[in-house]
Amino acid sequence: MKLLIIKNVLIHIFLVPFYFVALNEIIKMPTDKLDTLLLFVGLIVIAPITSNFIYSYKNSEDQKSLVWGHITTFFSMLVVGMLFVILDILLVLMIGNVFVFRSAILIFWVAVITFDFADFLIMDARR
């Protein structure tokens, strides 16, 4: 459980500065390119979300495979978080600060995190 908490804290530590870097990069883009970026980000986000939700800790047979599972989910969750940050920035720039859109992104992010904990706890309970 300790590694799981450390992993999720690290993800959020990386996402905070990434928000400002992404904001700076996206603001510099021509506004006529934002819709293309939104399309690509929306398409790309499907892959890491799928891989994250498909992975299960219950297949971890030993400590080494459990650590590799944490590494794998760390990177997939980090990419999902980064793409959600970009989506949030794009939505605010393109249509404004719409509460329902931003809330939906945040709730989906919470689902990604809670799935990670739930899957781990189910695996831990079976041992």
Side-chain angles (χ1 to χ4, degrees):
M1 180 65 113
K2 183 178 173 183
L3 280 176
L4 188 68
I5 293 170
I6 291 170
K7 174 182 72 177
N8 281 279
V9 168
L10 281 174
I11 289 169
H12 288 89
I13 288 171
F14 286 135
L15 287 178
V16 170
F18 178 78
Y19 179 89
F20 296 104
V21 171
L23 180 63
N24 187 41
E25 291 292 318
I26 293 169
I27 285 176
K28 292 178 184 176
M29 291 181 68
T31 55
D32 63 327
K33 301 291 183 187
L34 294 181
D35 56 346
T36 305
L37 179 60
L38 180 63
L39 173 69
F40 283 113
V41 169
L43 291 172
I44 293 169
V45 77
I46 295 167
I49 286 174
T50 303
S51 70
N52 192 61
F53 284 124
I54 287 175
Y55 177 80
S56 178
Y57 289 108
K58 70 181 176 187
N59 297 327
S60 301
E61 298 175 3
D62 56 15
Q63 189 65 27
K64 186 176 179 181
S65 62
L66 186 61
V67 169
W68 279 105
H70 283 307
I71 292 169
T72 301
T73 54
F74 171 82
F75 285 115
S76 66
M77 290 172 68
L78 182 62
V79 170
V80 169
M82 293 167 79
L83 292 169
F84 281 178
V85 163
I86 294 168
L87 280 173
D88 182 65
I89 292 168
L90 285 170
L91 288 172
V92 170
L93 289 176
M94 294 174 74
I95 59 174
N97 188 1
V98 179
F99 178 74
V100 293
F101 288 136
R102 297 187 88 188
S103 297
I105 292 171
L106 181 63
I107 290 168
F108 201 169
W109 178 242
V110 170
V112 170
I113 295 167
T114 55
F115 177 82
D116 193 43
F117 278 92
D119 183 49
F120 183 81
L121 292 174
I122 290 168
M123 179 275 311
D124 204 32
R126 290 183 181 174
R127 287 188 174 187

- Separation between CH2 (W68) and CD1 (I71), nearest 0.5 Å, reads 4.5 Å
- Query: Could you state the interatomic distance from CD1 (I89) to CG (N24), rounded to the nearest 0.5 Å?
  - Reply: 10.0 Å
- Query: What are the two closest non-hydrogen atoms of S65 and E61, and how far apart are they?
  - Reply: OG-N, 3.0 Å
- Under 4.5 Å between side-chain heavy atoms, hopping through other hydrophobics if needed: is there a path connecting V100 to I95? yes
- Here the pair of heavy atoms bringing I13 nearest to P17 is O-CD, 2.8 Å
- Query: Given side chains that start at C-beta, do those of I11 and I113 come closer than 4.5 Å, heavy atoms only?
  - Reply: no
- Report whether I27 and I86 are members of the same hydrophobic cluster (ILVMFWY, side-chain heavy atoms less than 4.5 Å apart, transitive linking). yes
- Relative to the ring of F53, is the ring of F108 parallel (under 30°), tilted (30 to 60°) or perpendicular (over 60°)? parallel
- Task: Please say whether more than 12 non-hydrogen atoms of neighbouring residues, nucleotides or ligands are located less than 6.0 Å from CZ in F101.
- Result: no
- Query: Do V98 and L91 come close enough that some side-chain heavy atom pair is under 4.5 Å?
  - Reply: no
- Message: Is there a side-chain contact between I6 and K2 in this structure, where contact means two heavy atoms from C-beta onward sitting under 4.5 Å apart?
- Response: yes
- Are V80 and V9 grouped together when hydrophobic residues (ILVMFWY) are joined by side-chain heavy atoms under 4.5 angstrom apart? yes
- Message: Please find the pair of heavy atoms, one from S51 and one from S76, that lie closest to each other, and give the distance.
- Response: OG-CB, 3.7 Å
- Check L66, L3, T73 against F120 for a side chain to side chain contact (heavy atoms under 4.5 Å, CB included) and give me the one that passes. L66
- Query: For the atom pair CD1 (I107) and CZ (R102), what is the distance rounded to the nearest 0.5 Å?
  - Reply: 13.5 Å
- Note on the structure: On a heavy-atom basis, the closest approach of L87 and V41 is CG-CG1, 3.6 Å
- Query: Taking side chain as C-beta onward, heavy atoms only, is N8 less than 4.5 Å from F117?
  - Reply: yes
- Task: Give the C-alpha distance, both sets of side-chain angles, the deciding distance and a yes or no for side chain to side chain contact (heavy atoms under 4.5 Å, CB included) between K58 and I122.
- Result: CA-CA 8 Å; K58 70 181 176 187; I122 290 168; 5.9 Å; no
- Query: Are W109 and V16 co-members of a hydrophobic cluster defined by side-chain heavy atoms under 4.5 Å apart?
  - Reply: yes
- Are side-chain heavy atoms of L106 and F84 found at a separation under 4.5 Å? no
- Query: Would you call L121 and Y57 a side-chain contact if the rule is heavy atoms closer than 4.5 Å?
  - Reply: no
- I44 CD1 to L37 CG distance, which is reported to the nearest 0.5 Å: 8.5 Å
- Which value, rounded to the nearest 0.5 Å, describes the distance between L38 atom CG and L43 atom CG? 9.5 Å
- Minimum heavy-atom distance between L15 and V85, given as atom pair plus value: CD2-CG2, 4.5 Å
- Going by heavy atoms in the side chains, are D116 and V112 under 4.5 Å from each other? no
- M77 side chain reached by F115 side chain, heavy atoms, under 4.5 Å: no
- Item | Non-hydrogen atoms of L83 and V45 that approach each other most closely | CD1-CA, 3.5 Å
- Message: What's the separation between atom CZ in F74 and atom CG in N52, rounded to the nearest 0.5 Å?
- Response: 12.5 Å
- Task: Decide whether Y19 and V21 are clustered together by the hydrophobic rule: side chain heavy atoms of Ile, Leu, Val, Met, Phe, Trp, Tyr closer than 4.5 Å, transitively.
- Result: no
